[in-house]
Amino acid sequence: MHPVLLAPSLLAADLARLAEAVAAADAAGADAHHVDVMDGHFVPNLTFGPGTVAALRRQTTATLDVHLMIEAPERWIDAYADAGADGLTVHVEATPHVHRAVRRVRERGLTVGVALNPGTPLAALEPLLDEVDLVLLMSVDPGFGGQRYLPAVEGRLRTVRGWLDARGSHARLQVDGGIDATTAPAAVAAGADALVAGSAVYGAPDGPAAALERLRQAVASSIRPM
């Protein structure tokens, strides 16, 4: 299993001080910045666009992990690639042309991921597992930060981890939603090796550095059952 990567979600940061949030996470050793793009259609919220990603790119050399929670993501892949994203994750539920979207991300030379909402059967992922670098399982219904973690994701993580291991895949298994020092160990034990944490990092009263260190310590002893 890969070392566990920590990607603070900028959705939970002070949006008027994004550059400071990025700098704080970089200084704290975050592995990536998770950028939640929402369109008000696929999910009931509006967040960032390509212009924001381009501005973030000017602020950091760290990985920009862009999560497209938008309808017809294939229409926007070039725009986010041009803006400086390092990886794009598209939702299986967001387009009938998910293979086309995945292949376009690959053509642009970016890390490609596919995401699945909590209520979508895992079988929707199987045709894509050999084509992606990352599988993201949502542990909340997407749209807003600060939601409560759904423990049922752990069974889903175990299943997908088994599928990836059986293929000899190097794809990462990411989990997003309600991740903090309490929930992270169970997610890692179930097979996750990339964690997205928003409120737990940017809402921490003692700051992102202390919050990320708590997460590291919490997952350090989480050993996935073989």
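Values below: every heavy atom of this structure, side chains too, minus hydrogens, waters and symmetry copies.
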- Minimum heavy-atom distance between A204 and A211, given as atom pair plus value: CB-CB, 3.7 Å
- Query: Please, which pairs that meet salt bridge (Lys or Arg N to Asp or Glu O under 4.0 Å) have at least one residue in residues 3-28, sequence neighbours excluded?
  - Reply: R17-E20
- Item | Residue from L195, L10, D176 passing side-chain contact (heavy atoms from CB on, under 4.5 Å) with H34 | D176
- Query: Between A101 and I77, which heavy-atom pair has the shortest distance, and what is it?
  - Reply: O-CD1, 3.3 Å
- Message: Quick check on side-chain contact (heavy atoms from CB on, under 4.5 Å): which of V35, V90, L110 does V66 satisfy it with?
- Response: V35
- Item | Residue pairs passing the salt bridge (Lys or Arg N to Asp or Glu O under 4.0 Å) test where at least one lies in residues 28-48, sequence neighbours excluded | none
- Task: List the atom of L212, the atom of P8, and the distance in Å for their closest heavy-atom pair.
- Result: CD2-CG, 4.1 Å
- Query: Do R106 and E131 meet the salt-bridge criterion of a basic N to acidic O distance under 4.0 Å?
  - Reply: no
- Query: Distance from Y202 atom OH to L15 atom CG, nearest 0.5 Å?
  - Reply: 11.0 Å
- Message: Can you tell me how far apart CZ (F42) and CG (L68) are? Round to the nearest 0.5 Å.
- Response: 10.5 Å
- Message: Are P50 and D82 packed together at the side-chain level, in the sense that at least one heavy-atom pair is separated by less than 4.5 angstrom?
- Response: no
- Pairwise side-chain contact, L64 with T60, heavy-atom cut-off 4.5 Å (strictly under): yes
- Item | Gap separating the CG atom of L136 from the CE atom of M69, nearest 0.5 angstrom | 8.0 Å
- Message: Please give me the minimum heavy-atom distance between A124 and L128, naming the atom from each residue.
- Response: O-CD1, 4.0 Å
- Are the side chain of T47 and the backbone of M38 linked by a donor-acceptor contact shorter than 3.5 Å? yes
- Message: Using modelled atom types and a 3.5 Å cut-off, is there a donor and acceptor pairing between side-chain atoms of T159 and backbone atoms of G155?
- Response: yes
- Message: Quick one, V105 with Y80, criterion side chain to side chain contact (heavy atoms under 4.5 Å, CB included). Give me CA distance, side-chain angles, the key distance, then yes/no.
- Response: CA-CA 10 Å; V105 177; Y80 283 98; over 6 Å; no
- Query: Does the distance from a Lys or Arg side-chain N to an Asp or Glu carboxylate O, for D78 and R108, drop under 4.0 Å?
  - Reply: yes
- Task: For side chain to side chain contact (heavy atoms under 4.5 Å, CB included), just list the numbers for I179 and V196, CA-CA rounded to whole Å, side-chain angles, deciding distance to a tenth of an Å, and then say yes or no.
- Result: CA-CA 7 Å; I179 296 298; V196 177; 5.9 Å; no
- Message: So, taking the atom named CG in L122 and the one named CZ in R156, what distance separates them when rounded to the nearest 0.5 Å?
- Response: 4.0 Å
- Query: Would you find a donor on one side and an acceptor on the other, under 3.5 Å apart, between the side chain of E93 and the backbone of N117?
  - Reply: yes
- Item | Flag side-chain contact, heavy atom, 4.5 Å: H33 against V22 | yes
- Do L129 and L164 have side chains that get closer than 4.5 Å, going by heavy atoms? yes
- Item | Check: S139 side chain, Y149 main-chain N or O, donor-acceptor pair, under 3.5 Å | no
- Task: Keeping to residues at least two apart or across chains, list the salt bridge (Lys or Arg N to Asp or Glu O under 4.0 Å) pairs with something in residues 56-76.
- Result: R57-D86
- Task: Side-chain contact test, heavy atoms from C-beta onward, threshold under 4.5 Å: evaluate it for H67 versus V37 and give yes or no.
- Result: no
- Separation of L150 CG from T183 OG1 (nearest 0.5 Å): 11.0 Å
- Closest non-hydrogen atom pair, A21 against A13: CB-CB, 3.7 Å
- Item | Check: D193 and R161 side chains under 4.5 Å, non-hydrogen atoms | yes
- Query: Quick one: CG on L11 to OG on S199, what's the gap to the nearest 0.5 Å?
  - Reply: 8.0 Å
- What one should report as the nearest heavy-atom pair of A197 and A200 is CB-CB, 4.5 Å
- Message: Is there a side-chain contact between D206 and R214 in this structure, where contact means two heavy atoms from C-beta onward sitting under 4.5 Å apart?
- Response: yes
- Query: Less than 4.5 Å apart, any side-chain heavy atom of D130 and any of R167?
  - Reply: yes
- I would like to know whether R172 and L5 meet side chain to side chain contact (heavy atoms under 4.5 Å, CB included); could you show each step before the answer? CA-CA 9 Å; R172 285 194 172 272; L5 298 186; 3.3 Å; yes
- Message: Determine whether L134 and V112 satisfy the following criterion, side chain to side chain contact (heavy atoms under 4.5 Å, CB included), listing intermediate values before the conclusion.
- Response: CA-CA 6 Å; L134 180 145; V112 56; over 6 Å; no
